[in-house]
Number of protein chains: 2
Amino acid sequence: MTTIGKLAGVSQVTVSRALSDPSKVSPETMARIREAIEMTGFVPNAVAGALASQKSHLISAIVPSITNVVHAAMVQGFSQIMREQGYEILLSETGFSAQDEEKLVATHLSRRPDAIYLTGIHHTPQTRKMLLSADIPVVEVWDLTDTPIDLCVGFSHSEAGRAMAEFAVQEGYDRVATVSANDERAQRRRAAFSKRYAELTGQDVPSVTWAATASLAGGRDSLRRLIDEHGFEGGLIACSSDMLAHGVMIEARKRGLKVPEDLAVMGFGDQDFAEHLVPSLTTVRVDRPALGRVAADALLARLRDEEVAAPCNDLGFRIVRRESA
Amino acid sequence: MTTIGKLAGVSQVTVSRALSDPSKVSPETMARIREAIEMTGFVPNAVAGALASQKSHLISAIVPSITNVVHAAMVQGFSQIMREQGYEILLSETGFSAQDEEKLVATHLSRRPDAIYLTGIHHTPQTRKMLLSADIPVVEVWDLTDTPIDLCVGFSHSEAGRAMAEFAVQEGYDRVATVSANDERAQRRRAAFSKRYAELTGQDVPSVTWAATASLAGGRDSLRRLIDEHGFEGGLIACSSDMLAHGVMIEARKRGLKVPEDLAVMGFGDQDFAEHLVPSLTTVRVDRPALGRVAADALLARLRDEEVAAPCNDLGFRIVRRESA
DNA sequence: TTGTACGCGTTATCAG
DNA sequence: CTGATAACGCGTACAA
């Protein structure tokens with residue numbers, strides 16, 4: 001800026017002003033400054049700016065995995081809003097590990113983000129402690145809790161599991177099973193499903209857990225195990241994701257089982273492919289981009305020092321009945 | 001650091017040394033410094049560090065879209081390696097627009113990243129200029145060119161298109177068509193496919209472009225148009241992605257067309273679901289995580305000032321023959 | 001409308 | 001092994 005200032009015949013401060021608020025500088029100076037910037041290819045140093053102003057315009061986002069469409073879609077919705085407001089995103093993946101999350105939070109905080117986006121409500125005590133003493137807005141997405149660190153935006157996974165069980169009973173399925181990924185929230189939905197189903201019917205629910213990332217392969221293998229190891233003979237299978245549900249449907253067709261006649265299938269997430277499968281997939285819709293956007297709006301309110309009515313936003317879910325169940 | 005120093009009975013400089021290289025400090029001082037850090041919950045300020053050292057340990061990554069599995073997988077592979085080496089990732093999405101990319105490059109450069117990861121080889125002249133004068137390592141991923149800005153890691157999209165045409169001819173398909181997304185690289189593959197197929201057989205190739213994001217819906221609608229508007233009556237359909245191919249297969253089944261007997265389908269990308277579809281999908285494999293990792297290795301070599309043998313890395317592709325074609 | 005002086009919290013350099 | 005001192009490049013008073 002000093003160099004630009006010399007070229008334009010003004011001081012460094014004037015250049016700084018010109019860039020941050022052109023209205024505070026006379027049109028003629030502005031023109032000369034622009035010209036000097038053009039000539040030199042000057043790019044302001046946001047690092048120095050952040051140090052001086054104590055504002056980084058940086059938001060830290062920590063997600064389990066960016067190749068997971070659920071989290072990718074949420075953070076995409078979040079990022080779009082934040083970027084429009086002049087913030088950029090420092091993104092890292094935990095690989096679903098709270099320990100790794102702790103390390104990431106520490107390194108992210110060292111960059112002095114203006115706010116932080118976390119996935120889920122389960123963090124190590126040390127993570128909570130760091131976040132609390134960092135004294136910046138924090139939003140936890142994709143789940144709800146009575147004791148958020150600061151803000152939270154999500155829906156109740158237990159209620160979603162219960163709603164699926166009630167749907168199963170209403171539709172008259174008297175034999176059900178679950179296929180779930182091995183992540184904590186999927187397991188919470190599964191547990192609520194089984195508990196509610198047992199309450200309503202008195203029956204136990206056989207369940208299979210797929211230990212790796214949700215995939216078609218996982219769904220196919222899980223159905224195989226349900227049949228071979230649990231002697232499952234048809235009814236409804238409630239899956240923890242649309243991807244697993246799709247895998248189950250593929251394996252079912254391969255085995256000559258008709259969906260939904262021999263085997264009904266429910267997914268979770270309502271990914272864009274769900275309605276285009278044949279038969280179309282009955283699933284639970286969660287508006288992922290909206291979760292991200294609401295999280296962004298909540299943070300922005302905090303960053304503008306506005307009053308936040310409620311720390312927690314429940315965006316709910318909705319069962320979408322299609323052909324597969 | 002000054003506070004920590006006081007608590008530990010040393011100067012601020014010593015604290016800085018202790019943190020950056022413990023071996024330069026006596027074990028006893030180190031212990032007291034650790035204790036003081038523990039007590040206060042001190043988190044070093046990387047912004048100030050970056051300003052002083054002129055090293056941000058930040059890598060800028062600019063991708064078309066993070067919900068696109070192709071780019072998500074590449075940047076994931078890339079990030080993992082970079083993070084292990086102490087770098088963090090500032091990630092932004094262009095939405096496939098070179099103009100938006102230009103703006104993003106400008107704002108990213110203001111944060112003084114140590115290197116930058118770009119997707120593809122087509123950038124605005126202004127983007128190239130900024131990057132060149134920033135004088136930091138740049139890697140362009142997912143494509144090849146003779147005139148990279150600095151480094152590039154990818155494969156030849158034209159060759160991939162040609163290889164698919166040659167496969168079609170070898171397998172004896174005498175009626176073919178294409179279904180492609182509306183992105184530049186997909187169109188380049190399509191053009192190469194059609195040209196090569198025409199060279200070998202003298203026949204024109206009907207083609208349909210799906211203007212939005214590749215999806216099952218897109219594949220289904222494209223097959224409909226191919227049949228209704230182009231009078232396509234069977235043969236091989238070469239798709240620009242596995243997702244579109246899957247959509248084509250679903251629509252085919254719905255119309256009572258058997259795959260591959262009535263209609264053969266080829267995808268592109270070899271996503272994890274491809275081998276689990278029924279029939280399994282014949283496609284073109286590109287090792288996306290490897291592209292990201294090689295890009296990371298190339299950048300790291302530059303950052304360590306090592307000699308780089310060749311600026312461009314061709315990681316190639318491979319046709320994976322399965323049941324659908 | 002513009003300029004001066006200072007501070008943001010580190011690292012680098014040199015001296016002890 | 002440790003400390004003093006000067007950058008790093010910008011924002012924020014405050015003054016003119």
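Values below: all heavy atoms of this structure, side chains included; hydrogens, waters and symmetry mates excluded.
- Judged by distance alone, the side chain of D114(B) and the main-chain N or O of H57(B) form a donor-acceptor pair under 3.5 Å.
- The residues R302(A) and D150(A) are annotated as salt-bridged, a charged nitrogen and a carboxylate oxygen being separated by less than 4.0 angstrom.
- Within 4.0 Å of V25(B), counting heavy atoms only, lie sugar-phosphate atoms of the nucleic acid but no base atom.
- Atom CG in L131(A) sits 8.0 Å away from atom CD in E140(A) (nearest 0.5 Å).
- Residues R111(A) and E88(B) are paired through a salt bridge, judged by an N-O separation under 4.0 Å between the basic side chain and the carboxylate.
- In this structure, S20(B) does not reach the dT11(C) phosphate: none of its side-chain N or O atoms is under 4.0 Å from OP1 or OP2.
- Each of S23(A) and L51(A) was assigned the nucleotide of DNA chain C with the nearest heavy atom; the assignment lying further toward the 5' end belongs to S23(A).
- Distances shorter than 4.0 Å separate none of the side-chain N or O atoms of S26(A) from OP1 or OP2 on dT1(C).
- For T14(B) and dG3(D), the shortest distance from a side-chain N or O to OP1 or OP2 is below 4.0 Å.
- Side-chain atoms of R112(B) and base atoms of dG9(D) include no donor and acceptor less than 3.5 Å apart.
- Phosphate proximity of dC8(D) to S53(B): absent, as no side-chain N or O sits under 4.0 Å from OP1 or OP2.
- Summarising the geometry, atom OG belonging to S56(B) is positioned 11.5 Å from atom CG belonging to L51(B); distances are rounded to the nearest 0.5 Å.
- As judged by a 4.0 angstrom heavy-atom cut-off over every strand, V47(B) is placed among residues making no nucleic acid contact.
- Side-chain N/O atoms of Q54(B) include one lying less than 4.0 angstrom from OP1 or OP2 on dG9(D).
- Mapping P27(B) and A48(B) onto DNA chain D via the closest heavy atom, the residue that lands nearer the 5' end is P27(B).
- Ranking dA7(D), dT2(C), dG3(D) by closeness to the A52(B) side chain, first place goes to dA7(D).
- Comparing Q12(B) and T29(A) against DNA chain C, the residue whose closest nucleotide sits nearer the 5' end is T29(A).
- At whole-Å resolution of the value, NZ in K55(B) and P in dG9(D) are 14 Å apart.
- In this structure, CG of N45(A) is placed 8 Å from C1' of dC8(D), rounded to the nearest angstrom.
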